[in-house]
Structure formats: structure tokens, C-alpha cells
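All remarks here apply to the structure that follows.
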Amino acid sequence: MDYKSGLIPDGNAMENLEKQLICPICLEMFTKPVVILPCQHNLCRKCANDIFQAANPYWTNRGGSVSMSGGRFRCPSCRHEVIMDRHGVYGLQRNLLVENIIDIYKQECSSRPLQKGSHPMCKEHEDEKINIYCLTCEVPTCSLCKVFGAHQACEVAPLQSIFQGQKTELSNCISMLVAGNDRVQTIISQLEDSCRVTKENSHQVKEELSHKFDALYAILDEKKSELLQRITQEQEEKLDFIEALILQYREQLEKSTKLVETAIQSLDEPHPISLPHSIVEASKGCQLGKTEQGFENMDYFTLNLEHIAEALRAIDFGTGKGHDCATCFTPEEGIRSHYKWL
């Protein structure tokens with residue numbers, strides 16, 4: 001079996017094969033040399049160099065001094081990032097298999113007769129091929145339409161040159177779009193990094209803020225315990241004093257009660273008696289201590305914390321040590337001051 005006929009058996013296979021041999025950048029059949037990317041997709045070397053130069057505008061081309069650092073761009077087929085060495089596109093391997101298939105394909109196409117209807121024909125002149133392009137009306141047409149037909153007064157140009165120019169323009173647009181996509185992807189990566197760093201920084205300052213407030217809570221708890229202890233101590237001293245007085249008065253009451261009983265018994269005696277000295281002294285009244293007026297009050301343990309409360313309410317974020325409150329940023333102002341349109 002002939003190798004070429006086995007490879008390309010019919011017209012449909014030729015069309016399918018041609019689709020596989022189209023460069024995604026210039027939309028034409030691959031031109032030598034064909035380079036293979038690490039993701040196994042193919043590009044014309046010129047197209048690969050165009051998108052590489054667009055993505056790395058400051059990279060020195062091969063005609064000048066070779067850059068000591070490489071560059072990168074994304075495959076137009078799968079968006080895989082291709083990292084280049086200092087040789088740039090010239091460091092990529094050639095795909096000799098694809099180049100050989102293209103040679104066989106072109107040979108097969110040249111040996112096949114042109115099928116009827118494979119070339120677009122003019123609707124006004126059915127036997128005439130469309131071979132020119134009317135620049136005035138912006139439509140393809142045939143030579144007879146220019147000489148005798150509706151486009152006699154129009155400006156025309158060869159269809160193939162117009163087609164080639166449009167392909168070149170389209171290829172340039174694709175290269176710029178691919179380069180623009182690379183830049184957008186870079187910006188997206190930078191923004192994603194900004195999100196990550198923002199979350200990390202936010203977590204860090206939250207922890208620092210929590211530590212500072214925990215320290216304030218500790219100071220307040222310590223001061224609270226200290227003041228409560230002082231109140232408790234004062235309470236215990238006063239209670240001890242009052243309870244000692246109560247004990248003294250109870251002892252005095254007990255002694256006085258016994259004296260009263262003794263005095264009553266003396267009244268029952270039939271003959272005069274002399275009064276005991278203790279009864280005489282007790283009748284003059286006790287000389288025990290007593291509390292002063294307002295002794296029970298604890299009003300002097302009063303705190304005025306309004307100024308401290310105001311200071312706590314005024315706690316806010318500033319610009320750092322020695323900052324001027326008039327120049328402090330609120331969080332919203334800080335965001336606006338650091339935001340830039342891309």
C-alpha cells in the first residue's frame with residue numbers, strides 16, 4: 001500500500017488533517033520551523049516569537065545581545081504557562097514529525113485535481129471565479145463584475161492580497177489578545193496574592209489587638225481585686241469594733257442584771273443595810289465606748305471613672321507613635337488612599 005494514499009485516503013480526511021495542521025495564532029497551516037511547547041501543542045516559530053515578544057517586550061531578540069534571563073507566556077491553546085530560558089523561542093524543539101506531515105499533505109494536495117465547487121464562483125457570472133475584492137463595497141467579486149458589472153467604478157484589489165492582509169491583521173490581533181490575557185492573568189495572580197497577604201495581615205493585627213485588650217482586662221481585674229480587698233478590710237475592721245462593743249455591752253448587761261437582783265433582795269431585809277459599793281457605782285451609768293454617727297457608711301469608697309470611660313470610648317486606630325489625631329485615617333479612608341484602578 002502506498003504510504004501517502006494510506007495516510008490521506010479521501011477528501012474528508014484531508015479536511016480533518018488540515019484542521020489539525022492550522023496554527024492557532026495565524027490561523028494558517030504551520031510554517032517551518034514548527035516548535036513544540038512543553039504542553040505538546042505546536043506553533044509556528046514566528047507566531048511563538050510574536051506572542052513571546054508581546055508578553056516580554058523588554059526581552060532582547062536574537063538579532064541583538066542575548067538576554068541572560070528568560071521569559072514566559074501562555075500557550076494559546078490550553079493557557080499552560082511556558083517558561084523560557086535565555087534563548088527564548090529559539091530554545092524550543094522543532095516538531096519534525098509535523099513538518100513532514102505538512103510536506104506530505106502539500107504534495108498530496110498538489111497532485112489532486114481541483115474539485116468542482118471547491119473555489120467560490122460569482123453569482124452574476126457563474127463561470128467566473130471570485131478573484132478580486134471590491135474595496136468600495138467591501139465584498140468579494142470577479143473580474144467581469146469589475147470590467148462590465150456593478151463594480152466598474154469601484155476600487156478593487158487582488159482577493160488573495162486582501163485575504164492575506166486580513167489574516168496578518170487577525171494574527172496580530174490574536175497575538176495582542178494573548179499578550180493582554182497574560183497581563184490580565186498576571187494582575188489576577190497579583191490580586192490573589194494581595195487577598196492572601198491581606199488575610200494574613202488582618203489575622204496578625206487582630207491577634208495583637210486581642211493581646212492588648214487582654215492586658216487591659218488583666219489590669220482592670222487586678223485593680224478591681226485590690227479595691228475590693230480594701231473595702232473588705234475596712235468592713236472587717238468596723239465589724240470587729242462593733243462586735244467587740246456588743247460583747248462589752250452584753251457583759252455589762254449581765255453584771256447589771258445580777259446587781260439588780262442583789263439590790264431587790266436587799267429591799268426585803270427587815271433592818272437597814274448599807275448599799276454595796278458596786279451597786280452604787282453601777283447606778284451611775286456605764287462608761288463603755290460607742291460608735292460615732294455615720295460609722296456604718298462606706299461612701300468614701302467611691303470612684304469617679306467617667307474620665308477613664310471616656311478615654312476607653314476614644315480608643316481608635318492611629319498612624320503610630322507620635323501621630324496627630326487630626327491626620328488619622330479611618331479604615332474606609334485607608335482603603336481609598338491605597339486603592340488604584342488597574
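All values below come from the heavy atoms of this structure, side chains included, with hydrogens, waters and symmetry mates left out. Values in this document were obtained by computation on a predicted structure and should not be read as measured data.
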**Q.** Neighbour count above 12 (heavy atom, 6.0 Å) for Glu200 CD
**A.** yes
Q | Minimum heavy-atom distance between Tyr300 and Glu234, given as atom pair plus value | A | OH-OE2, 2.6 Å
**Q.** Under-4.0 Å salt bridge between Arg313 and Glu306
**A.** yes
Q: Check the pair Tyr249, Lys290 against side chain to side chain contact (heavy atoms under 4.5 Å, CB included), reporting the backbone distance first and the verdict last.
A: CA-CA 10 Å; Tyr249 276 96; Lys290 62 179 180 179; 4.2 Å; yes
Q) Mind checking whether Phe317 and Val205 have side chains closer than 4.5 Å, heavy atoms only? A) no
Q.
How close do Lys238 and Phe295 get, counting heavy atoms only, and between which atoms?
A. NZ-O, 2.6 Å
Q: Could you pull out the closest heavy-atom pair between Cys137 and Cys134, with the gap in Å?
A: N-SG, 3.2 Å
Q. Among the clusters formed by ILVMFWY side chains lying less than 4.5 Å apart, do Ile315 and Ile308 turn up in the same one?
A. yes
Q) Heavy atoms, side chains only, cut-off 4.5 Å: are Glu99 and Asn95 in contact? A) no
Q | From NZ (Lys46) to OG (Ser175), nearest 0.5 Å | A | 7.5 Å
Q | Nearest heavy-atom neighbours spanning Cys75 and His41 | A | SG-ND1, 3.7 Å
Q | Same apolar cluster (I L V M F W Y, side chains within < 4.5 Å links), Ile242/Ile231 | A | no
Q.
For the CD atom of Gln252 and the OG1 atom of Thr257, what is their distance to the nearest 0.5 Å?
A. 9.5 Å
Q: Go through the steps for Ile162 and Leu135 under the test side chain to side chain contact (heavy atoms under 4.5 Å, CB included), then give the verdict.
A: CA-CA 9 Å; Ile162 297 297; Leu135 300 176; 3.7 Å; yes
Q: State whether the number of non-hydrogen atoms from other residues, nucleotides or ligands found under 6.0 Å of Glu296 atom CD is greater than 12.
A: yes
Q) Do Leu43 and Ile22 belong together in a cluster built from hydrophobic side chains that touch within less than 4.5 Å? A) no
Q: Step through the shown structure and confirm whether more than 12 heavy atoms of other residues, nucleotides or ligands are within 6.0 Å of CD on Gln248.
A: yes
Q) Side chains of Gln166 and Leu170: closer than 4.5 Å at any heavy-atom pair? A) no
Q | Backbone N/O of Thr198 and side chain of Ser202: donor-acceptor pair under 3.5 Å | A | no
Q. So, for Phe301 and Arg230, which heavy atoms are closest and what is the spacing to 0.1 Å?
A. CZ-O, 4.0 Å
Q) Checking Tyr133 side chain against Glu138 main chain: does a donor-acceptor pair fall under 3.5 Å? A) yes
Q.
Checking Glu81 against Phe73 for the side chain to side chain contact (heavy atoms under 4.5 Å, CB included) test, could you report, in this order, the C-alpha distance in whole Å, the side-chain angles of both residues, the deciding distance, and whether it holds?
A. CA-CA 6 Å; Glu81 187 175 50; Phe73 67 95; over 6 Å; no
(Q) To the closest 0.5 Å, what do you measure between SG (Cys23) and CG (Asn42)? (A) 9.0 Å
Q. If Ile, Leu, Val, Met, Phe, Trp and Tyr residues are connected whenever their side-chain heavy atoms lie under 4.5 Å apart, and connections chain through other members, are Val139 and Val156 in the same group?
A. no
(Q) Distance check, rounded to the nearest 0.5 Å: Ile246 atom CD1 versus Leu253 atom CG? (A) 12.5 Å
**Q.** Atom CD of Glu169 with >12 non-hydrogen neighbours under 6.0 angstrom
**A.** no
Q. Heavy atoms, side chains only, cut-off 4.5 Å: are Val89 and Leu92 in contact?
A. yes
Q) Is it the case that more than 12 heavy atoms not belonging to Phe163 sit under 6.0 Å from its CZ atom? A) no
Q | Minimum-distance pair of heavy atoms, taken over all atoms of Phe30 and Gln20 | A | CE1-O, 3.9 Å
Q. Do Pro76 and Ile51 touch side chain to side chain, with heavy atoms closer than 4.5 Å?
A. yes
Check: residues 178-190 side-chain donor-acceptor pairs under 3.5 Å, at least two apart:
{"residue": "Asn181", "atom": "ND2", "partner": "Leu177", "partner atom": "O", "Å": "3.3"}
{"residue": "Asp182", "atom": "OD1", "partner": "Arg79", "partner atom": "NH2", "Å": "3.3"}
{"residue": "Asp182", "atom": "OD2", "partner": "Arg74", "partner atom": "N", "Å": "3.4"}
{"residue": "Thr186", "atom": "OG1", "partner": "Asp182", "partner atom": "O", "Å": "2.9"}
{"residue": "Ser189", "atom": "OG", "partner": "Gln185", "partner atom": "O", "Å": "3.0"}

Q.
What I'd like to find out is whether the side chain of Leu247 reaches to under 4.5 Å of the side chain of Glu243, using heavy atoms alone.
A. no
Q) Quick one: salt bridge (Lys or Arg N to Asp or Glu O under 4.0 Å) pairs with a partner in residues 203-224, sequence neighbours left out? A) Lys223-Glu226
(Q) What I'd like to find out is whether the side chain of Ser77 reaches to under 4.5 Å of the side chain of Leu37, using heavy atoms alone. (A) no
Q | Co-membership, hydrophobic cluster, residues Ile101 and Leu96, 4.5 Å side-chain | A | no
